[in-house]
Amino acid sequence: MAGVTVSSPGRAETDLGRTRRARRIGRALTEAHPDAHCELDHSGPLELAVATILSAQCTDKKVNEVTPKLFARYRDAADYAGADRAELEELIRPTGFYRNKTDSLIRLGQALVERYDGQVPGRLADLVTLPGIGRKTANVILGNAFDVPGITVDTHFQRLVRRWRLTSQTDPVKIEHEIGALFPKREWTMLSHRIIFHGRRVCHARKPACGACTLAKLCPSYGTGPTEPAAAVKLLKGPRARDLALAARIDPELVPAQAVAAEAP
């Protein structure tokens, strides 16, 4: 990756130019992360809604360790509505903020029973009225449980689209609308997964793996992290870290074993 050239940050980019660059970024992400998917284990809208609420300030891995017992105990909205608070708190305690999350889950169950016959609704306007479900969570549910395209603006998504200078917005709703306008609607859900995958595995918050990134030529923030391939490749994370190195034309043997075994944050 030595000698990578990116567009001059001082040169104004037209709307058309930004759209074209965004589409190229999207194609590069598709090639880099063919395994991108929702990393919260679930089987249906209710389980996904619950898992997403639990994921606040918690890793997906930890949520996935907790939910099998939780889902076996609470099978429908009525179960959450009538849950024993102490029992539910104990089950979800490892995810953190368990008292607030317990309150959200019980109130969610009650709202679903009272207003939607116990079923999770499939419309954004309805979802965002439910306890514990904001716009981000609603888009996760729509995209992955109802196959309705949605953009999930989590911390990774927000960080990357701003680094790529696809938007200068800081408000998640405004970011959602600006990025949505750059891509066909049918791509929104998978685009979100791929950007989040890239943020967890390559473009980290404190030290992105710039020199081992397949998006380097498209990124005006190239150089935020180390650009020397030998240093950057050690920052890749996850079971496909060596595939990511190979895609960036770096010897995959340079990826340390601990990087492959590392949990994507």
Side-chain angles (χ1 to χ4, degrees), residues 36-158 171-173 175-176 188-189 192-193 195-197 199-200 263-265:
H37 61 281
C38 177
E39 296 188 272
L40 291 169
D41 295 340
H42 66 281
S43 60
L46 179 61
E47 290 190 357
L48 182 55
V50 170
T52 307
I53 289 172
L54 295 181
S55 70
Q57 304 298 314
C58 182
T59 66
D60 289 355
K61 180 181 179 182
K62 178 58 66 175
V63 172
N64 291 338
E65 291 173 358
V66 167
T67 50
K69 286 185 179 179
L70 181 70
F71 293 160
R73 174 66 182 84
Y74 302 96
R75 297 183 178 276
D76 55 30
D79 288 340
Y80 288 100
D84 177 81
R85 180 174 293 274
E87 179 185 19
L88 184 51
E89 284 184 356
E90 191 59 31
L91 277 172
I92 69 171
R93 181 187 292 266
T95 69
F97 301 96
Y98 60 93
R99 290 191 177 92
N100 288 340
K101 291 178 182 179
T102 293
D103 186 57
S104 291
L105 293 181
I106 291 174
R107 291 193 301 116
L108 172 64
Q110 292 170 343
L112 290 176
V113 169
E114 293 169 5
R115 291 155 48 192
Y116 297 103
D117 295 324
Q119 302 301 309
V120 176
R123 295 196 319 145
L124 179 66
D126 294 327
L127 286 168
V128 295
T129 69
L130 294 169
I133 296 181
R135 192 176 181 95
K136 180 185 77 174
T137 299
N139 277 324
V140 171
I141 296 168
L142 289 173
N144 297 283
F146 291 102
D147 202 26
V148 175
I151 289 179
T152 303
V153 183
D154 74 348
T155 55
H156 300 289
F157 190 102
Q158 181 167 341
D171 178 76
V173 176
I175 291 174
E176 177 188 335
W188 287 356
T189 299
S192 299
H193 290 323
I195 290 177
I196 292 168
F197 258 55
R200 288 174 166 174
E263 177 186 345

What do you reckon, is [atom1] of [X] surrounded by more than 12 foreign heavy atoms closer than 6.0 Å?
| X | atom1 | answer |
| --- | --- | --- |
| Phe97 | CZ | no |
| Glu65 | CD | yes |
| Arg85 | CZ | yes |
| Asp84 | CG | yes |

Rounded at 0.5 Å granularity, tell me how far [atom1] in [X] sits from [atom2] in [Y].
| X | Y | atom1 | atom2 | result |
| --- | --- | --- | --- | --- |
| Glu89 | Asn100 | CD | CG | 9.5 Å |
| Thr129 | Leu124 | OG1 | CG | 10.0 Å |
| Ile92 | Lys69 | CD1 | NZ | 14.5 Å |
| Leu88 | Thr102 | CG | OG1 | 4.0 Å |
| Leu112 | Ile133 | CG | CD1 | 7.0 Å |

Can you check whether [X] reaches [Y] side chain to side chain, under 4.5 Å on heavy atoms?
| X | Y | answer |
| --- | --- | --- |
| Tyr98 | Leu105 | no |
| Phe157 | Ile175 | yes |
| Val63 | Thr52 | no |
| Glu87 | Tyr74 | yes |
| Ile141 | Val148 | no |
| Tyr80 | Arg107 | no |
| Gln110 | Ile106 | yes |

Please check this pair: side chain of [X] against backbone of [Y], looking for a donor-acceptor N/O pair closer than 3.5 Å.
| X | Y | result |
| --- | --- | --- |
| Asn139 | Thr152 | no |
| Asp117 | Gln119 | no |
| Asn64 | Asp41 | yes |
| Lys101 | Thr95 | yes |
| Ser104 | Pro131 | no |
| His42 | Leu40 | yes |

Could you pull out the closest heavy-atom pair between [X] and [Y], with the gap in Å?
| X | Y | result |
| --- | --- | --- |
| Val113 | Ala81 | CG2-CB, 4.4 Å |
| Gly44 | Ala145 | C-CB, 4.5 Å |
| Arg135 | Val173 | CD-CG2, 3.7 Å |
| Asn144 | Cys38 | OD1-CB, 3.5 Å |
| Asp147 | Pro149 | O-CD, 3.8 Å |
| Val140 | Leu48 | O-CD2, 3.6 Å |

message: Quick one, Asp126 with Arg115, criterion side-chain contact (heavy atoms from CB on, under 4.5 Å). Give me CA distance, side-chain angles, the key distance, then yes/no.
response: CA-CA 10 Å; Asp126 294 327; Arg115 291 155 48 192; over 6 Å; no

* Among Lys62, Lys61, Arg200, whose salt bridge (Lys or Arg N to Asp or Glu O under 4.0 Å) with Glu39 holds? ->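 Running salt bridge (Lys or Arg N to Asp or Glu O under 4.0 Å) over Lys62, Lys61, Arg200 with Glu39 returns exactly one hit, Arg200.
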
